[in-house]
Amino acid sequence: MRTMVDPVLEPLELPAGKVLVTGATGFLGGALVRRLRANGVSPERLRCLVRDRARAERCGLPPESLVCVDLADAGASRTLRRAAEDVGVVVHLAGVLQSLDRVGFERVNVHGTLLLVEAVRAAAGRAHFIQVSSLAAAGPTVDGRGSDAPPDRCRTVSHYGESKRRGELA
């Protein structure tokens, strides 16, 4: 049985083009970037969208892979479009987990996701787009046994869950 700390990694099969990772300084994003690098993805082929360059470098992300942009910035479209050029796969992990209000969640989880999707469509329309969401986007089960309801049928119970659900719809 393999564990997450097992140093033997299966080779990854990636589409042609660059790999764009949002949320690269987070728990999942950092693990993904380490895995990509361990599997031979060069810093030149990797684009890590980060808000804070110094933090990203402290996390061990290759400086030449960094694209500084805040998904909460409505004016980020141009930077996102440049970051998406020549991309074969996007792994969207960035998100706001805590906020004082609904608008704080929506800025990144809904509007930031929409900006990213639009940028990828414009610059790399054939790229694979992988979005990691949250169980909160599904809300409680519809039938009490479990649910695989599509996002348009889910009943969320929190502003966070609703923002993730709306991000999925984007």
Side-chain angles (χ1 to χ4, degrees), residues 1-15 18-73 76 79-80 83-84 87-117 119-120 127-139 148 151 154 156-170:
M1 180 174 202
R2 298 180 91 155
T3 65
M4 287 189 61
V5 295
D6 189 345
V8 178
L9 300 175
E10 300 281 331
L12 296 174
E13 291 184 33
L14 296 170
K18 297 184 186 300
V19 179
L20 185 139
V21 178
T22 71
T25 59
F27 178 73
L28 291 176
L32 175 61
V33 170
R34 285 189 299 276
R35 171 80 190 269
L36 291 167
R37 296 287 296 125
N39 276 272
V41 174
S42 69
E44 297 77 28
R45 188 172 177 214
L46 183 61
R47 292 208 180 119
C48 300
L49 268 56
V50 300
R51 285 178 295 161
D52 182 339
R53 177 177 289 278
R55 178 177 179 211
E57 289 179 4
R58 284 192 308 273
C59 289
L61 300 178
E64 58 271 41
S65 299
L66 303 179
V67 176
C68 292
V69 64
D70 188 340
L71 290 175
D73 179 3
T79 303
L80 290 172
V87 166
V89 64
V90 175
V91 183
H92 182 35
L93 300 166
V96 170
L97 300 175
Q98 297 178 350
S99 177
L100 296 176
D101 59 17
R102 176 185 55 79
V103 173
F105 289 115
E106 288 184 353
R107 240 182 248 122
V108 171
N109 298 348
V110 179
H111 303 297
T113 298
L114 187 55
L115 284 175
L116 179 63
V117 167
V120 171
H128 296 267
F129 195 101
I130 301 165
Q131 178 171 342
V132 176
S133 187
S134 169
L135 287 174
D148 58 358
C154 293
T156 61
V157 296
S158 68
H159 292 312
Y160 169 72
E162 181 61 14
S163 73
K164 294 304 280 186
R165 183 190 76 81
R166 289 182 55 213
E168 288 180 13
L169 290 170

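Because only heavy atoms are used, hydrogens play no part in the values below, and waters and symmetry mates are left out as well, while side chains stay in. Residue numbers run from 1 in the order of the sequence given. Given the structure is predicted, the values throughout are model-derived calculations rather than measurements.
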List, one per line, each side-chain donor-acceptor pair under 3.5 Å for residues 161-170, sequence neighbours excluded.
residue	atom	partner	partner atom	Å
E162	OE1	T156	OG1	2.8
E162	OE1	R165	NE	3.0
E162	OE2	R165	NE	3.4
E162	OE2	R165	NH2	2.8
S163	OG	N109	ND2	2.9
S163	OG	Y160	O	2.7
R165	NH1	P151	O	2.9
R166	NH1	E106	OE2	2.6
E168	OE2	S133	OG	2.6

In chain order, what residues pass the side-chain contact (heavy atoms from CB on, under 4.5 Å) check against L80, with sequence neighbours excluded? L49, V69, L71, A76, L115, L116, A119

Checking R47 side chain against A83 main chain: does a donor-acceptor pair fall under 3.5 Å? yes

State which residues pass side chain to side chain donor-acceptor pair (under 3.5 Å) with S42; sequence neighbours excluded, sorted by chain then number. E44

Report, as yes or no, whether the 6.0 Å neighbourhood of atom CZ on R45 holds more than 12 heavy atoms from other residues, nucleotides or ligands. yes

Give me the atom names and distance for the closest heavy-atom approach of A56 to T25. CA-CG2, 3.7 Å

Any side-chain heavy atom of L14 within less than 4.5 Å of one from N39? no

Pairwise distance CG(D52) to SG(C68) - rounded to 0.5 angstrom: 7.5 Å

Please enumerate all residues that pass salt bridge (Lys or Arg N to Asp or Glu O under 4.0 Å) together with R53, with sequence neighbours excluded. E57

Run the side-chain contact (heavy atoms from CB on, under 4.5 Å) check on V87 and V120 step by step: do they pass? CA-CA 8 Å; V87 166; V120 171; 5.8 Å; no

By side chain to side chain donor-acceptor pair (under 3.5 Å), which residues pair with S65, not counting sequence neighbours? none

Within a strict 4.5 Å, meaning less than it, do heavy atoms of the V89 and I130 side chains meet? yes

Once side chain to side chain donor-acceptor pair (under 3.5 Å) is applied, do any residues pair with Q98, and if so which ones, sequence neighbours excluded? none

Minimum heavy-atom distance A94-T22, with the two atoms named: N-OG1, 3.0 Å

Can you see which heavy atom on R37 is nearest to which on P43, and at what distance? NH1-CD, 3.2 Å

When rounded to the nearest 0.5 angstrom, what distance separates NE2 in H92 from CD in Q131? 5.0 Å

